[in-house]
Amino acid sequence: MTPDFAAEDMRWMREALAEAELAAAEGEVPVGAVLVAGGILRGRGHNQRERGRDATLHAEMIAIRNACGNMGGWRLPEATLYVTLEPCPMCAGAAMNARVDRIVFGAPDPKSGACGSVLDLPASGMLNHSAVVTGGVLAEECVALLRSFFAGRRDAGRKGRELEHD
């Protein structure tokens, strides 16, 4: 059974999914993020690590940076970060540093998720800020996009190895 999520959360997660699709089209791991405050889209981003050759170019980091520019400061009060994959420690930490109130993610990340899967930075009480976390919003769509991307990469690798043996 699919959980009932707020229509607003599903709306913005669809925007994050659109960003993730841009990442996939660029050959990046398909993760997308949007940051919303006051019902207005304030920042957006998708993974650009390969293209930018920069380990910090995660979707969340780009969306937060974009929102800070649009909102005129590093504090993002009453903001919600929507991301298709559970944020890693770097991105969850950046959201806490920016004083984001909520983090909403689609797919859990059992390898490096820092919003409940491996760590739970927003609820840890060890930082000077906390955030409410909602996971699983449009999870099936988020997981499907990731699976499709990695299946395509595996297929491309197999075809490359087959050509080497011909």
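Reckoned from all heavy atoms, side chains included, excluding hydrogens, waters and symmetry mates. Residue indices begin at 1 and follow the sequence shown.
Rounding to the nearest 0.5 Å gives a distance of 9.5 Å between CZ of Arg75 and CG of Asn97. Atom SG of Cys142 and atom CG of Asp109 lie 12.5 Å apart (nearest 0.5 Å). How far CG of Leu35 is from OG1 of Thr80: 7.5 Å, rounded to the nearest 0.5 Å. The distance from the OG1 atom of Thr84 to the NE2 atom of His46 is 11.5 Å, given to the nearest 0.5 Å.
A single hydrophobic cluster is not seen to contain both Met61 and Val34; linkage of ILVMFWY side chains at heavy-atom distances under 4.5 Å, directly or through other members, places them apart.
With hydrogens and angles ignored, the 3.5 Å screen pairs a side-chain donor or acceptor of Glu86 with a backbone N or O of Ser117. Between the side chain of Asn47 and the backbone N or O of Ala59, at least one donor-acceptor pair lies under 3.5 Å. The backbone N or O of Leu57 sits nowhere less than 3.5 Å from a side-chain atom of Gln48 that would complete a donor-acceptor pair.
In the displayed structure, Glu26 atom CD is contacted under 6.0 Å by more than 12 heavy atoms of other residues, nucleotides or ligands.
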The test is salt bridge (charged side-chain N to carboxylate O under 4.0 Å, His left out); show your working for Glu15 and Arg44 and say whether it passes. CA-CA 9 Å; Glu15 288 289 327; Arg44 61 173 57 240; 3.0 Å; yes
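Looking at heavy atoms from C-beta onward, Leu76 lies in side-chain contact with Ile64 at the 4.5 angstrom threshold.
In this structure, Val118 shares a hydrophobic cluster with Leu119, the cluster being traced through Ile, Leu, Val, Met, Phe, Trp and Tyr side chains under 4.5 angstrom apart.
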